[in-house]
Amino acid sequence: MRQAVFVAPAKRGEVDRMRRAHASAAQQFRVSATGPEVWGWQGRTLGRRAGDCWLRIVSAEVDKAGGRLWEGTATADTHVPRSVPRPRLRGVLDWTAPDVAFRAELTEYVSVPPVTSGTPALDQDIALPDSWWSELKSALGTLATVPTDRESVRQNWVDRNFRRFLGIAPVRIRETTTGHADLHWANLTSAPLILFDWENWGRLPLGYDLGLLHAYSLAAPATAARIRREFGPVLDTDAGRTGELIALGQLLQACSRSVHPHLAPLIARQAEHLTGTPVPTP
C-alpha cells in the first residue's frame, strides 16, 4: 500500500497527460489499474495499484530523462541484496512523446501501509518492537556493503549551501557509505519492515540516512531518542555528525521552499545543538 506525499501538478494538461501515460503503460503490461492515484513530488510520478502489482510512471523533459533518479528503482533491484526488504521489480517500459519521456515501473504490491501517510514526518511517538529496530539495522548494514558509483549526496552541495542554511563553514565529506538517501517514515512500514522508493539510493555521507530519519522524528521525542540510542555508534562519531548536518541542511533548504514548514524550527534547533551556531534567518 502506498500513500500520497505530494499533490498532482497544478496544470490540468499535465494531469491528463500523466493519466494517459499511466493507462498506456497498464495496457502494455496487461494489467488493470484500479487503485487510488498516488502523485509524487510536483506531479513527476503517478502510481496506482494494479491487482497484485503497483504501477508507477515517471516523467521528465526528453533532454533530462535518464540518469541516477530515472534508473534508481531498476538498479536497486539488480544490485541491492534481496535480504534488504523492498518491493520487487517486475518490469520496466520506456517511451517518449513530444517533448516528454516516460518510464513505467511495475513492482509487486505491498499491502502493509507505511508508518505515515501524507507526510514523511512523525507527529506523535510510535511504539515499534525491538525486532523492528534490529531489522532496520540489518537492512541498512547490508545496504552499506553494496558497491556502486551512484552518488546521492555531493560535496559541491555542501560547499554551496552550508553557510546559507547552517551558518557554518562547509565541512569535508570524509567517510561515505551506500544508503537509501530518502529514509523517512512514509518510506518505511512497521511490521514487517519494508523500504519504499529507491530512486535516489547510492553513496552518501555516513550518518546521512540516520540524520534524516531522526530529523523527521523531532516532533516525536521518544522516537527520536530511540533513534539516537540505536544508532549512536554512527551518529555520535565525527563522520556521522557530518552526515547528520548535511541532512539537516538539505531539510532546511526544503523548508525555505515551503516544504514541511512546521519542521523548520525543530530542525533549526537540532542543527544549532550540533554546531553551537544559530541557523541564518530566512
Side-chain angles (χ1 to χ4, degrees), residues 2-29 31 33 35-50 53-79 87 89-107 118 120 148-161 164-165 179-182 184 186-187 196-204 212 249-260:
R2 303 308 315 280
Q3 299 291 339
V5 176
F6 302 105
V7 298
K11 295 181 180 179
R12 182 70 196 184
E14 295 177 4
V15 172
D16 292 340
R17 182 174 61 192
M18 290 290 284
R19 286 173 173 163
R20 288 194 299 271
H22 195 279
S24 176
Q27 184 176 29
Q28 292 183 71
F29 278 125
V31 298
E37 293 181 345
V38 175
W39 292 89
W41 171 246
Q42 294 182 337
R44 177 177 169 269
T45 69
L46 172 60
R48 295 180 70 189
R49 181 178 180 177
C53 297
W54 182 262
L55 177 58
R56 186 184 83 143
I57 61 166
V58 186
S59 66
E61 296 177 13
V62 171
D63 59 348
K64 296 181 180 178
R68 180 174 53 85
L69 293 176
W70 195 263
E71 300 168 353
T73 301
T75 57
D77 192 71
T78 57
H79 289 73
L89 184 64
R90 295 182 175 175
V92 174
L93 290 172
D94 290 303
W95 74 98
T96 59
D99 302 322
V100 183
F102 295 98
R103 165 164 283 207
E105 299 164 343
L106 190 70
T107 58
T148 181
D149 59 2
R150 291 170 54 84
E151 192 177 12
S152 299
V153 178
R154 295 178 173 84
Q155 179 67 47
N156 61 11
W157 185 93
V158 175
D159 296 341
R160 293 195 315 268
N161 293 292
R164 178 183 175 190
F165 294 108
H180 182 272
D182 200 15
H184 58 63
N187 280 340
F196 293 123
D197 288 350
W198 286 83
E199 65 179 10
N200 201 30
W201 78 281
R203 300 299 295 180
L204 43 75
L212 200 64
Q250 291 191 350
L251 285 176
L252 287 171
Q253 182 182 51
C255 290
S256 74
R257 297 168 176 169
S258 300
V259 179
H260 320 311

Sub-3.5 Å donor-acceptor pair from the side chain of His22 to the main-chain atoms of Ala104, do we have one?
no

Looking at Asn161 and Gln253, would you say the former's side chain and the latter's main chain have a donor-acceptor pair under 3.5 Å?
no

Exactly one of Thr73, Thr75, Thr148 should register a side-chain hydrogen bond (donor to acceptor under 3.5 Å, both in side chains) with Trp201. Which one does?
Thr75

Side-chain donor or acceptor of Arg48 paired with backbone N/O of Gly35 under 3.5 Å:
yes

Output for pair (Thr96 OG1, Phe102 CZ), nearest 0.5 Å, gives 9.5 Å

Just checking, any donor-acceptor pair under 3.5 angstrom between side chains of Trp95 and Gln28?
no

Nearest 0.5 Å, what's the NZ-CG distance between Lys64 and Leu69?
12.5 Å

Between Val38 and Trp54, what is the shortest heavy-atom contact and its length?
CG2-CH2, 3.6 Å

Closer than 4.0 angstrom, basic N to acidic O: yes or no for Arg19 and Glu37?
yes

Do you know the tightest heavy-atom contact between Ala186 and Phe196?
O-CD1, 4.1 Å

Distance, nearest 0.5 Å, that separates CZ of Arg154 from CZ of Arg203
13.5 Å

With rounding to the nearest 0.5 Å, note down the distance linking CG in Leu93 to CD1 in Ile57.
11.0 Å

Shortest non-hydrogen pair, Val62 vs Ala101, comes out as CG2-N, 4.0 Å

Does this structure show an ion pair linking Arg103 with Glu199, if we count only N-O contacts that are shorter than 4.0 Å?
no

Give the minimum heavy-atom separation between Asp77 and Leu89, together with the two atoms involved.
OD1-N, 3.1 Å

Heavy-atom pair with the smallest gap, counting every atom of Met18 and Gly43
CE-O, 3.6 Å

Taking atom CD of Gln27 as the centre, report whether more than 12 heavy atoms of other residues, nucleotides or ligands fall under 6.0 Å from it.
no

About how many Å separate CD of Glu151 and CG of Leu204, when rounded to the nearest 0.5 Å?
10.0 Å

Closest non-hydrogen atom pair, Phe29 against Val92
CZ-N, 3.9 Å

Verify side-chain contact (heavy atoms from CB on, under 4.5 Å) between His180 and Asn187, making sure each step is shown before the conclusion.
CA-CA 10 Å; His180 182 272; Asn187 280 340; 3.9 Å; yes

Between the CZ atom in Arg160 and the CZ atom in Phe165, the distance rounded to the nearest 0.5 Å is 10.0 Å

Short side-chain to backbone donor-acceptor contact, Ser24 and Ala21, under 3.5 Å:
no

More than 12 non-hydrogen atoms from neighbouring residues, nucleotides or ligands closer than 6.0 Å to CG on Asp99, yes or no?
no

